[in-house]
Every structure is written in C-alpha cells, then in structure tokens.
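Keep in mind it's a predicted model, so treat the numbers as computed, not measured. We count ligands from 1, going down the list as the structure has it; atoms in each ligand are counted the same way.
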Amino acid sequence: MFLVGLTGGIASGKSSVIQVFQQLGCAVIDVDVIARHVVQPGYPAHRRIVEAFGTEVLLENGDINRKVLGDLIFNQPDRRHLLNTITHPEIRKEMMKETFKYFLRGYRYVILDIPLLFETKKLLKYMKHTVVVYCDRDTQLARLMRRNNLNREDAEARINAQLPLKDKARMARHVLDNSGEWSITKRQVWLALPASSTCSPATSCLPPSGRAKAGSPRPLPPPRKLKLGNECPLFPPSPSTLSLSPSPLLFTFSFSPSLPFSSLFLSFSPFLPPSLSLCTPHSLGWSPALG
Ligand SMILES: CC(C)(COP(=O)(O)OP(=O)(O)OC[C@H]1O[C@@H](n2cnc3c(N)ncnc32)[C@H](O)[C@@H]1O)[C@@H](O)C(=O)NCCC(=O)NCCS
Ligand SMILES: Nc1ncnc2c1ncn2[C@@H]1O[C@H](COP(=O)(O)OP(=O)(O)OP(=O)(O)O)[C@@H](O)[C@H]1O
C-alpha cells in the first residue's frame, strides 16, 4: 500500500479538495477530523490539554473551546508547540488505525490530508507522493477571514504559524492551484481522471461521451465511482494492470493552458479496492490475438 500526502496552508482548500476525491471513491483520511476526535472528553489528549492550559479552554459541556485554544496557540509559538506535543502522537496513532482499515479493505493508495506534513516532517518519509493545495496569499487570507470570522491580524497569525504556502508548493511533487473559482479547481481533479487512463481509445473503459481526441476540447466527466485501470506518473499501475498504450488525453491535459499547475496527474483507481480498480486487457475484452 502507498500513502499520498495532501497538504497546503490553512484555508487553502484541502478539505474541499479531499471531498472531491472522496466523492470519486478514493480512500481518504482527513487529519483535521482525527484531530477533533482525539480531544473529545474522556480521551487522554483532552485530560492533558486541561492540565496544560487550564479549564478556561473548556466549554460548559466539557468540550474543548476551539476558538479560545486557537487564539492562545496561534499567537504563542511555545504554547502551540506544547499543544502539538500533546495531540500529534494521538493523531498519528488514529491515522495509522484508519490507514490500516483501508489496507485490510484492499486499497492500494490512501490520500491523507495532513495540514502540517512539511512542518513536522515526521510522516514525510512514508509518503509515496505529495500534493499541495495552493492558493495565493491574498486569497488565503480573505477566505480564512471570511470562514472563521477573523480580523486580519488574527488570520495572519494563523497563516504565519505555518510554513509559507509558496515554500510548500516548491517542496511538493504535485500542486493543485485553488486560487481561482471552485469550479476550476474541481475541473483540475476531474480532468485528471481520463488523462490517466492506460486504455487506448480503442479499448477505453470510459463511456463514449467521456472520450476525446487529442487536441480537441475535453468533455468534463461527471463525478462518479471509477472502474478504470489507470497509469500515470503519480500512481503507477499494480503489476496486474497492463498498460496498453499511452493515452493521447494525457498529452492534451499536460499542456492545457487553463491549468497553471498542470503537472498534476491523478489516477483514481488505485484508491479503489482491487476488485473495482483493475482494468486488465481481459476485463476489456482485449486479448493478444485481437491486438
Ligand atoms: C488549535 C485548534 C483547537 C483550533 O481549532 P479550529 O477548529 O479553529 O481549527 P481546525 O482544527 O479546524 O484547524 C484548522 C487549520 O488550522 C491549522 N492548524 C491547526 N493546528 C495547527 C498547529 N498546531 N499549527 C499550525 N497550524 C495549525 C491547520 O491548517 C488546520 O487545517 C485545533 O486546530 C487543534 O487542536 N490543533 C492542534 C492539532 C493539530 O496540530 N492539528 C492540525 C493537524 S495535524
Ligand atoms: N476555489 C474556491 N473559491 C471560493 N471559496 C473557496 C474555494 N476553495 C475553498 N473555498 C472556501 O475557503 C474556505 C477554506 O476552504 P477549506 O476549508 O477547504 O480549506 P482547508 O485548507 O481545508 O482549511 P483548514 O486548513 O482550515 O482546514 C472554505 O470556506 C471554503 O468553502
């Protein structure tokens, strides 16, 4: 099994992007969701947070007051470090459990949304590939202020608590640009689907409407569960998936001027269980005799 680390900056659009992957049937893990889970009352991290930060970081019902704790840690690096030492080991344990569940279900790839992948570096060595969801700083600031109802100063403190997004984009193997309209970002994910097909046009698993000739405008595939066997630079095929010929679609996509970060080629099928994802020549009705 291979792990794909998806990261970005605060409010750069990681959760939005990972939802698209999820809708497409990929195996995904959102570490922010796990981070919320492990600090619930009754969990060791909850007790240790109260010991370290006092009961003023609690709501009346005993839950962590995330606004208060956030205001504390995003303005004070030492307290942020303290919170990280409490929560990160618990988060990693849960992440391992979730990943193992996907492994048992037969997935070859799991996409993990890990906000601090490049900051902590602890998990980096386990990632087969890294993907950054990027947006320019002004857009990031505006989206963060709007979503969290923050003033500029507080929003900047949160952004500055992380490595600059530009640096992360440089460190990543693949970048998704979410600076523009959401529909453009979604297209980047969707368009990557047929681009990664190993099937030649003659044997394509795509419905006819989903096929395109090299150089012609690409029809937008609807979000759906995938049943293709794919090959692409990001997610190579399993040994039992045979590449027939490189798809012309790959070429079309990689030089699309509408995608400034068009180096992203995602093959979704490895995130599906093998029974669904393999597109062997035989499953396509192809045999060596037929060519
Ligand atoms: C500080 C807390 C209470 C704020 O909660 P809040 O609901 O406002 O934000 P949420 O958890 O949704 O996080 C939003 C984003 O903030 C950024 N962020 C969160 N924690 C940190 C941190 N310790 N350092 C830098 N950035 C962080 C991430 O980009 C994250 O995606 C919460 O983020 C938290 O418990 N953080 C510690 C755990 C952690 O490091 N989580 C990040 C995933 S490893
Ligand atoms: N392309 C876009 N156009 C407009 N708004 C967007 C776009 N992408 C994301 N947003 C909005 O920006 C905000 C941040 O997006 P999202 O929550 O996906 O980011 P995130 O990186 O997961 O954030 P965090 O680091 O805080 O978990 C949300 O309110 C989301 O609806």
Answer yes or no: is there a side-chain heavy-atom contact under 4.5 Å between [X] and [Y]?
{"X": "M95", "Y": "V31", "value": "yes"}
{"X": "I49", "Y": "V39", "value": "yes"}
{"X": "F2", "Y": "V110", "value": "no"}
{"X": "L163", "Y": "M171", "value": "yes"}
{"X": "V133", "Y": "D177", "value": "no"}

If you look at each N/O of ligand 1, which protein N/O atoms lie under 3.5 Å away, and at what distance?
| unit_1 | atom_1 | unit_2 | atom_2 | d |
| --- | --- | --- | --- | --- |
| ligand 1 | 5 (O) | R66 | NE | 3.4 |
| ligand 1 | 5 (O) | R66 | NH2 | 3.4 |
| ligand 1 | 7 (O) | R66 | NE | 2.8 |
| ligand 1 | 11 (O) | R66 | NH2 | 2.8 |
| ligand 1 | 12 (O) | R36 | NH2 | 2.9 |
| ligand 1 | 23 (N) | N84 | OD1 | 2.8 |
| ligand 1 | 26 (N) | Q162 | NE2 | 3.0 |
| ligand 1 | 29 (O) | Q162 | NE2 | 2.7 |
| ligand 1 | 31 (O) | D32 | OD1 | 3.4 |
| ligand 1 | 31 (O) | D32 | OD2 | 2.6 |
| ligand 1 | 40 (O) | H88 | NE2 | 2.7 |

If you take the centroid of each ring, where Trp contributes its six-membered ring, are Y43 and H37 closer together than 6.0 Å?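 Yes, close enough.
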Mark yes when over 12 heavy atoms from residues, nucleotides or ligands other than E153 sit less than 6.0 Å from its CD; otherwise mark no.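 No, because the 6.0 Å sphere around CD of E153 holds 12 heavy atoms or fewer from other groups.
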Do R158 and D71 meet the salt-bridge criterion of a basic N to acidic O distance under 4.0 Å?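 Looking at D71 and R158, the cut-off is met.
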Would you call E94 and K97 a salt bridge, taking side-chain N to carboxylate O under 4.0 Å as the test?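 Salt bridge: yes.
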Contact residues of ligand 2 with a heavy-atom cut-off of under 4.0 Å?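 Ligand 2 is contacted, at a heavy-atom distance under 4.0 Å, by G9, I10, A11, S12, G13, K14, S15, S16, D32, R143, R147, N178, G180, E181, W182.
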